[in-house]
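See structure below.
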Amino acid sequence: MIVPVILSGGSGSRLWPLSRKCRPKQFLSLNGQRSMLQDTLERLDGLDGVADPIVVCNSDHRFVVAEQLRELGKENATIILEPVGRNTAPAITAAALVERARPSPTGESDPLLLVLPADHVFTNPQQLRQAITEAVEPAREGQLVTFGIVPKSPETGYGYIRVQSPTRASASIAKVDQFVEKPDRATAEAYLTDGRYFWNSGMFMFGVDSFLEEIKRCAPDVLQAVTKACGTALEDLDFLRLDADAFASCESISVDYAIMEKTTRATVVSLDAGWNDIGSWSALHDVQTSDEQNNVRVGDTLLYKVENSYVHATARLVSLVGVSDLVVVETADAVLVTTHEASQEVKRVVDKLTAKGRSEATEHRKMYRPWGSYDSIDTGDRFQVKRITVNPGETLSLQMHHHRAEHWIVVSGTAEVTSGNETFLLTENQSTYIPLGTTHRLANPGKVPLHLIEVQSGSYLGEDDIVRFEDNYGR
């Protein structure tokens with residue numbers, strides 16, 4: 001049995017302004033109709049013996065993960081919530097402990113964990129599935145298998161793995177000789193010529209017991225802290241919430257540093273499947289279909305005498321004239337303009353926004369909630385206007401506000417409104433007023449999405465001015 005462990009905790013700051021802390025790149029549809037998380041799971045279709053996945057994610061993303069898994073029909077997935085980010089070694093350890101603690105549906109004593117980041121792209125998924133199949137035998141023999149990407153260019157943004165001579169009949173499997181850090185250009189060119197170096201993909205396969213044996217030997221403090229966090233974890237709706245204090249006490253460390261660079265059991269399966277970790281806008285340009293001038297265009301764009309550029313529009317027309325080698329990304333509240341060469345430095349902008357306390361570093365204008373979404377379409381002194389969508393059958397919390405009143409106007413669908421001691425229905429073109437301090441609730445009893453306009457007025461309009469009395473989502 002192969003248990004996919006999907007690591008979905010990254011922030012994706014290099015893909016700002018589309019990727020933000022509240023909804024990072026793994027939850028976005030950047031290279032197709034599905035999100036990157038969904039693509040990661042769908043690539044495994046066709047493999048034999050694949051169990052329901054384990055997804056490790058930030059607690060703030062739990063409802064996004066649950067919804068995207070539901071869209072794939074994977075409601076039986078296990079979702080482990082990290083109270084804080086602690087890198088890959090603690091995340092994988094938590095998944096291994098959770099998997100070991102539950103009975104195997106096949107009676108297997110040591111299932112294999114297939115660890116995959118949620119934000120990778122493969123242009124040849126069949127080759128990926130073949131490599132996974134090849135990794136099964138050494139993993140069952142107790143090896144800790146990592147997947148080494150066959151390098152196509154002297155990249156300086158990746159770590160590398162140097163291998164020994166192949167130890168099996170298959171030339172694609174070899175023992176690890178050394179993990180090496182990101183090189184400079186000359187060193188990367190030497191690696192490419194040498195032929196024994198692979199890009200470090202951050203993907204792994206190993207038995208649960210084999211991994212736990214090595215984490216105990218190589219990083220016992222990590223195992224101790226995560227064991228405590230799992231031992232006092234709480235089941236919260238469909239999620240497993242790790243103990244916050246215990247998990248926060250764990251060292252933040254990658255699985256490479258914690259185990260793979262220390263173990264004698266590391267094995268590489270080479271992988272040539274059109275891999276890309278989408279670490280920048282330039283990388284996304286490389287994996288998407290371009291026009292005759294090597295431009296990638298997404299959304300409402302108009303280009304004239306433009307070459308080798310990536311242009312992404314989400315809220316309005318974006319036009320470029322007489323330029324080349326640019327990245328231009330537009331959202332409802334921010335615009336990024338950079339060059340391909342500098343696209344790796346976008347995270348510096350996010351750092352500056354964070355230091356200034358700007359919401360654009362973490363949030364989009366449109367915010368997703370377990371019940372639907374809202375879009376802050378206008379704001380000013382003592383007022384804010386939102387476009388609200390409530391999914392069929394969903395209900396917001398029973399709540400009140402100390403500092404604002406609200407007007408609700410139904411655009412389409414049916415709203416069930418609780419205001420004080422009254423409960424009533426509103427339909428298209430009808431409205432109601434919720435006075436300041438009044439207990440209220442909004443629900444959609446219908447079969448189609450409810451769309452309404454909310455006008456807030458008052459002395460303070462922040463999202464933290466919410467007192468919840470009842471909530472279906474455990475917030």
Side-chain angles (χ1 to χ4, degrees), residues 7 10 14-15 87-89 92 114-117 119-125 127-128 130-132 134-135 138-139 143-206 214 218 253-287 308 325 339-347:
L7 304 180
R14 289 186 180 89
L15 293 184
N87 216 314
T88 55
I92 297 170
L114 173 62
V115 179
L116 303 172
D119 55 1
H120 289 182
V121 167
F122 291 88
T123 59
N124 190 342
Q127 286 298 111
L128 170 65
Q130 179 60 37
I132 292 171
E134 291 181 1
Q143 295 296 303
L144 306 188
V145 178
T146 184
F147 295 86
I149 306 299
V150 177
K152 301 298 183 183
S153 59
E155 289 290 336
T156 59
Y158 301 140
Y160 284 70
I161 306 170
R162 187 175 71 205
V163 300
Q164 301 173 10
S165 298
T167 55
R168 295 171 175 268
S170 172
S172 63
I173 302 176
K175 292 289 291 182
V176 171
D177 187 32
Q178 184 182 7
F179 285 83
V180 293
E181 298 293 337
K182 298 175 183 178
D184 57 27
R185 179 76 179 187
T187 304
E189 289 175 350
Y191 290 168
L192 196 64
T193 302
D194 184 286
R196 292 180 298 158
Y197 289 84
F198 296 86
W199 292 336
N200 188 351
S201 69
M203 299 162 47
F204 306 92
M205 181 185 282
F206 31 65
E214 289 300 279
C218 300
I253 186 171
S254 71
V255 70
D256 287 340
Y257 285 135
I259 298 180
M260 299 304 292
E261 294 185 2
K262 301 175 182 177
T263 184
T264 60
R265 300 161 70 174
T267 294
V268 171
V269 171
S270 65
L271 177 58
D272 188 2
W275 172 86
N276 197 308
D277 70 346
I278 310 299
S280 69
W281 287 111
S282 184
L284 187 59
H285 177 277
D286 292 341
V287 300
N308 193 38
D325 301 309
T339 63
H340 282 296
E341 184 179 1
S343 63
Q344 286 278 358
E345 301 301 318
V346 171
K347 64 179 181 179

Report task. Go through Trp281 and Leu15 one step at a time and tell me if the side-chain contact (heavy atoms from CB on, under 4.5 Å) criterion holds. Result -> CA-CA 6 Å; Trp281 287 111; Leu15 293 184; 3.7 Å; yes
Query raised in the report: Does the pair Met203 and Leu128 meet the rule for a side-chain contact (heavy atoms from CB on, under 4.5 Å), with working shown?
Result: CA-CA 11 Å; Met203 299 162 47; Leu128 170 65; 3.6 Å; yes
Query raised in the report: Checking side-chain contact (heavy atoms from CB on, under 4.5 Å) for the pair Ile149/Tyr158: CA distance, chi angles, key distance, verdict?
Result: CA-CA 10 Å; Ile149 306 299; Tyr158 301 140; over 6 Å; no
**Report entry** Intermediate values then yes/no, side-chain contact (heavy atoms from CB on, under 4.5 Å), Ile278 and Asp119
**Finding:** CA-CA 7 Å; Ile278 310 299; Asp119 55 1; over 6 Å; no
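When the side-chain contact (heavy atoms from CB on, under 4.5 Å) test is applied to Ser280, the partners found at least two apart in sequence or on another chain are Ser282, Ala283, Ser343, Gln344. The salt bridge (Lys or Arg N to Asp or Glu O under 4.0 Å) check on Lys262 picks up nothing, with sequence neighbours excluded. In terms of the side chain to side chain donor-acceptor pair (under 3.5 Å) criterion, Ser254 has no residue partners (sequence neighbours excluded). Applying the salt bridge (Lys or Arg N to Asp or Glu O under 4.0 Å) criterion to Arg14, with sequence neighbours excluded, gives no partner residue. In this structure Asp184 satisfies the salt bridge (Lys or Arg N to Asp or Glu O under 4.0 Å) test with no other residue, sequence neighbours excluded. Residues forming a salt bridge (Lys or Arg N to Asp or Glu O under 4.0 Å) with Asp325 (at least two apart in sequence, or on another chain): none.
A 4.5 Å side-chain heavy-atom check between Ser270 and Phe198 finds at least one atom pair inside the cut-off. Under the 4.5 Å side-chain criterion, counting only non-hydrogen atoms from C-beta, Glu214 is not in contact with Phe206. Looking at Arg162 and Asp194, their side chains never come closer than 4.5 Å, going by heavy atoms from C-beta outward.
In terms of heavy atoms, Gln164 sits closest to Val176 at NE2-O, 3.6 Å.
Side chain of His340 to main chain of His285: no donor-acceptor pair is present (N/O by atom type, distance under 3.5 Å, no hydrogens or angles). With Lys175 contributing its side chain and Thr264 its backbone, the two residues share a donor-acceptor pair below 3.5 Å.
Taking the six-membered ring for Trp and thresholds of 30 and 60 degrees, Tyr191 and Tyr197 have nearly parallel ring planes, at less than 30 degrees apart.
Other residues, nucleotides and ligands place more than 12 heavy atoms under 6.0 Å from the CZ atom of Phe122.
No side-chain donor-acceptor contact under 3.5 Å links Asp286 and Asn276.
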